[in-house]
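To start, the structure itself, in structure tokens.
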Amino acid sequence: MAAPQPRSGDPPITPDLVDEHGISPDEYREILAIMGREPTFTELGVFSAMWSEHCGYKNSKRLLRLLPTKAPWVIQGPGENAGVIDVGGGYALAFKIESHNHPSAVEPYQGAATGIGGILRDVFTMGARPVATLNSLHFGDLDRPRVRYLFSGVVKGIGDYGNCVGIPSTGGEVYFDRGYEDNPIVNAMCLGLMRKEDLIRGTAEGVGNTLMAVGARTGRDGIHGATFASEELSEGDDVESRPQVQVGDPFTEKLLLEASLELIASGHIVGIQDMGAAGLTSSGAEMAGRSGTGVEMDVALVPVREQGMTPYEILLSESQERMLVVAAAGREDAVREILEKWELEAETIGSVTATGTFRVLEDGVAVADIPALPLTEGCPTYERPGEESAEVRNLRQMDISGYMLPPAGLEEAFLAVVGSPNVASKQWVYEQYDTTVRANSIERPGGDAGVIRVPGTNRGVASSTDCNGRHTYLNPRAGAMGAVAEAARNVTCTGAVPMAITNCLNFGSPLKPHIRHQFREAVLGMRDACSYLETPVTGGNVSFYNETDGQAVYPTPVIGMIGVIEDLDTIVRHSFRGAGDAIFLLGANRGELGGSEYLYAVHDLVAGEPPRVDLQAERALQRCLLAMSSRGILASAHDVAGGGLAATLVESCLGRPRAGDGVGASVRFTDDLPDAALLFGEDHGRVVVSCAPNEEERVRRVASDHGVPCTRIGTVTVAGSPLEIETRASTLRLDMDVLSDQYFGAIPSVMNQAV
Amino acid sequence: MNRFTVEVLVTPRPGLLDPQGKAIHHALASLGYDSVEDVRVGRAIYLDIEAGSAAEATERVEDACRKLLANPVTEDFRVTAAEPACGAVR
Amino acid sequence: MNRFTVEVLVTPRPGLLDPQGKAIHHALASLGYDSVEDVRVGRAIYLDIEAGSAAEATERVEDACRKLLANPVTEDFRVTAAEPACGAVR
Amino acid sequence: MNVAVITFPGSNCDQDCFRSVELAGGSPRYVWHREQSLGDADAVIVPGGFAHGDYLRPGAIARFSPIMGAVIAFARDGGLVVGICNGFQVLCEAGLLPGALLRNESMRFQSHDCALRVERSGTPFTRDYRKGRVIRMPLSHADGNYYADPETLAALEATGRVVFRYSDARGTVSAEANPNGSLNHIAGIVNADGNVLGMMPHPDRAIEEALGSVDGLPLFTSLVGSGAGTAAHTEVA
Ligand SMILES: Nc1ncnc2c1ncn2[C@@H]1O[C@H](COP(=O)(O)OP(=O)(O)O)[C@@H](O)[C@H]1O
Ligand SMILES: [Mg+2]
């Protein structure tokens with residue numbers, strides 16, 4: 001076979017060109033060794049994309065290997081389009097989280113929309129029907145117009161896309177903190193269900209099988225998106241990055257979803273993969289790499305949207321809503337027929353070979369021929385030492401005991417915390433998402449975790465995304481552990497058993513020692529928590545270079561947790577039910593205020609040691625909760641997190657927006673802690689539960705059996721009564737209508753004003 | 001001061017995918033309009049504005065386009081002022 | 001046969017509530033554009049069409065407007081053909 | 001009772017409607033939009049979703065799908081047709097119901113529970129509801145703001161063709177309880193002959209206790225319980 005020759009018009013390969021492709025001199029030497037010759041321009045582009053941070057994981061791979069990935073219920077761990085676990089009853093769940101931070105910073109609506117599109121494809125290419133999405137969003141402070149623009153655009157983008165495809169949103173999180181001023185974090189997660197036997201992988205098996213490009217046409221959009229996602233933003237990027245904006249077409253996605261599931265069920269195909277980051281290049285090379293085969297494709301056969309596209313452009317385009325399919329030889333027409341039913345195109349573009357190379361032709365003339373495995377797996381990886389920044393260390397070690405007194409009094413502070421956009425209801429967000437389509441949403445957003453029913457069964461899947469970036473900023477290890485613990489606790493509160501996680505690691509530039517420190521610490525914290533809580537990692541995503549003009553975001557390892565609830569009749573909701581019910585606190589108050597919402601909202605301070613995680617206590621608490629829920633003795637359960645007990649109690653009383661099921665409560669604490677620390681401390685390992693008076697004894701007994709501190713703190717009171725809280729030092733009587741306005745009104749009052 | 005009606009046409013940048021246009025094209029074809037070769041969809045915005053002159057009205061609207069009416073990343077715009085007191089397409 | 005670009009402007013009927021126009025008006029006011037008295041938002045559709053003459057192109061598109069491109073209950077439309085081969089706003 | 005559930009490319013609630021009919025004791029069947037015939041259907045449901053992406057206007061393109069010819073003929077013959085959410089939009093575009101659904105006043109997609117007051121219990125779609133009853137179900141749309149010109153609106157009201165109105169939990173209609181700016185708080189209407197219903201909220205998502213409400217089920221039991229051809233006899237005030 002002829003080796004590829006430079007195309008006319010290709011620029012010569014110079015050190016500058018190599019550098020522009022984000023390839024270091026050492027890496028280029030590696031490429032020369034792999035190729036045994038100078039690469040063509042097209043090949044350089046292919047290497048650049050595949051060896052980018054985004055595809056090659058060069059600065060994260062070694063550390064990620066430390067994560068626990070196995071458990072008897074894990075069917076597919078990291079390395080595929082999505083992780084897969086057994087959820088019982090013959091069903092498997094595919095799930096994954098992905099970032100779309102950079103595209104969302106440039107064009108929030110399309111950036112977020114295409115983020116949803118990509119993660120849906122990752123899930124349905126496993127053979128699973130998407131059943132739920134979640135989103136984890138972190139923005140700068142809401143008082144800045146630019147932030148409001150980004151926030152509203154992102155939410156609308158997520159909504160419009162997911163709604164059109166018809167996938168309910170079951171949850172997520174939104175944070176606002178100056179740590180995300182110019183770099184929003186936009187992570188989207190998808191859950192999909194399938195019968196276990198329908199699992200299919202992204203492989204290119206069987207020499208002679210046919211490669212088909214399916215779905216939308218290829219345009220010039222997003223070329224070098226993978227490289228772009230690996231570079232930091234700088235002023236003026238709005239203009240520079242214009243050609244990289246990808247526009248989402250959710251309708252085509254919906255067709256692609258239906259067609260793909262039909263294709264997979266038909267048995268006509270052996271492999272399928274989304275053309276995501278680095279498009280045709282990564283999908284082709286990865287499918288070949290996983291199977292130990294090769295692929296050969298002719299770019300002239302790829303359906304394009306624009307005239308005159310070069311092989312370089314076609315290979316690297318990130319046009320949305322496209323898939324690469326490996327059809328069993330001879331079944332191409334059957335494949336085409338299914339796609340035609342869904343009004344989609346399918347073109348044969350090449351075949352599976354035995355050569356082990358990723359070979360590309362243009363009208364029959366070779367333009368690239370690269371060994372597939374080194375391309376996908378051979379990217380040099382680095383693990384350079386990190387070092388904590390002195391600034392963060394100082395903040396963490398700062399003595400915050402002087403901030404126990406809220407300047408305007410406790411009640412004002414209480415209202416400020418409950419009405420801070422981080423604690424306040426995210427109703428404004430999730431009501432823009434279809435939460436009920438497909439009629440399986442058993443627990444919608446607004447509680448601790450969303451719960452979706454496995455269709456046709458009484459089994460449910462609970463999910464939650466969590467990461468308190470302020471905590472991870474101050475102490476990445478404790479913060480990451482805390483994110484896992486909180487996510488598991490959220491899921492457990494509904495009565496579901498935490499099973500596995502996916503994660504999205506959003507960090508600044510790994511070229512900086514303090515970012516490397518954050519990353520390493522966060523991975524170690526996640527490792528420890530996941531190992532101990534037996535929730536292995538089945539996949540995820542790393543997003544580095546979330547920086548603008550050298551300013552990095554808070555390290556933000558978002559955890560997407562999955563739990564299974566075997567009997568939906570045992571589900572527990574987060575809000576108090578009946579007046580007269582007894583309220584208990586499970587777990588102990590330690591009054592940890594470091595990195596709290598209280599310090600931020602009341603004292604404008606990000607400092608202190610964030611709450612530590614006692615994994616043993618956390619596990620005991622979770623088992624205790626599950627024992628209670630499976631016995632049906634709880635009326636409600638709601639975990640304590642951002643905003644502390646104050647937030648938990650208010651949320652438990654208010655119930656769901658629009659449901660009109662709010663109640664009051666009368667609570668008393670005897671802890672020997674300053675009021676602020678007691679009410680606003682964000683210590684882990686705590687859940688507020690309620691039960692009917694006749695279950696009180698059983699609640700106490702189950703808690704003591706599990707060695708979990710259990711304190712009766714009060715009683716639910718009738719609708720219309722206030723929230724009364726008594727501490728050693730103070731008594732608060734808070735009108736529920738006032739609290740409701742604070743809690744439900746905070747975000748709308750900012751967002752419903754024009755611009 | 002006069003009242004002008006200013007027309008703003010906002011269109012997707014060439015090269016960007018236009019799913020709406022694509023869908024309309026498809027629908028037209030299936031209705032038998034097969035001589036249609038391409039369809040692009042944008043927004044038409046009509047502003048009634050008080051200004052000293054048409055030029056002033058146009059200028060102010062162009063400024064508003066850059067700030068709000070068009071998305072500089074994905075859209076182009078074109079502004080035309082009608083004569084004062086002319087109702088335009090209203 | 002020539003290729004024409006036909007511009008279709010579809011606008012909400014006068015008197016009809018136009019939530020989009022209202023929202024933009026509101027946003028403009030809060031940005032300080034207080035000389036804006038009214039805003040209406042419609043769709044601009046550009047069709048490239050093969051036809052013997054501009055008149056023929058226009059006629060065909062008008063027909064498509066009545067059938068599909070505009071909602072007779074809520075919308076008015078206006079069709080203009082550009083010269084053949086003129087790229088219009090594209 | 002055979003119920004055809006139309007599936008357009010972009011339909012998202014076809015399965016939900018299918019299940020609702022099943023739960024109500026009827027026999028549902030999917031009919032793909034490219035088919036020309038409804039077969040032996042006794043009633044038709046045009047489900048929610050984003051048929052053809054809702055590009056251009058919701059329902060505008062779907063209205064020309066091949067199956068719509070059969071649906072229109074079926075309705076003109078007095079056959080029972082229900083359009084839910086996007087289905088309502090399609091039926092308006094197809095001229096089977098008067099008026100149009102404009103963008104929500106909030107300009108946002110809205111997805112949450114709403115309360116509806118049943119204004120008519122005598123239709124083939126609401127015979128299992130009591131008039132004046134307040135029911136609860138999810139809504140989920142960006143374009144649910146019902147509009148009709150003043151004469152049409154007056155005629156709808158005068159002939160009692162408003163079937164559901166947005167209200168609060170006690171049945172009081174008000175601007176606050178109106179989620180989208182709909183004229184006269186209209187959530188659902190029937191045509192002049194009383195055999196075609198369109199509504200924006202989703203009875204198909206309120207059919208089981210586990211989903212938080214069963215208030216949608218009577219709509220389907222009404223539909224399934226009413227035999228073919230009875231539409232012509234149903235009273236329209
Ligand atoms: N972006 C979002 N999308 C969907 N639901 C959200 C989003 N943000 C928050 N929610 C929902 O609001 C509720 C409260 O969220 P959060 O404040 O993160 O609670 P917690 O502290 O218990 O994790 C949850 O049910 C969550 O799923
Ligand atoms: Mg959370």
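Worth saying up front: this structure is predicted, and the values here are computed from it rather than measured. What you see below is based on every heavy atom in this structure, not just the backbone, and it leaves out hydrogens, waters and symmetry mates. Throughout, a chain's letter reflects where its sequence line sits, starting with A, and its residues are numbered from 1.
- The choice from C:V8, C:L69, C:I45 that makes the most heavy-atom pairs within less than 4.5 Å of chain B is C:I45.
- Nearest heavy-atom pair, C:Y33 versus B:R60, reported as atom, atom and distance to 0.1 Å: CE2-O, 3.7 Å.
- Crowding of B:E59 atom CD: a count of heavy atoms from other residues, nucleotides or ligands under 6.0 Å not exceeding 12.
- With C:Y46 as the fixed residue, the side-chain contact (heavy atoms from CB on, under 4.5 Å) test singles out one of B:V39, B:V41, B:D38, B:L9: B:L9.
- Rounding to the nearest 0.5 angstrom, the gap separating the CZ atom in B:R3 from the OG atom in C:S35 is 11.0 Å.
- Chain B forms more heavy-atom pairs under 4.5 Å with one residue of C:V6, C:L47, C:V61 than with any other, namely C:L47.
- Here the CG-NZ distance, from B:L28 to C:K67, works out to 10.0 Å after rounding to the nearest 0.5 Å.
- Of the atoms belonging to C:D63, heavy atoms from both backbone and side chain fall under 4.5 Å from chain B.
- One finds the CG atom of B:D48 at 9.0 Å from the NE2 atom of C:H25 (value rounded to the nearest 0.5 Å).
- In this structure, the portion of C:L68 lying under 4.5 Å from any heavy atom of chain B is its side chain and not its backbone.
- To the nearest 0.5 Å, the span separating CZ on B:R43 from CZ on C:R43 amounts to 12.0 Å.
- When B:G21, B:A27, B:G42 are compared by the number of non-hydrogen pairs under 4.5 Å with chain C, B:G42 comes out ahead.
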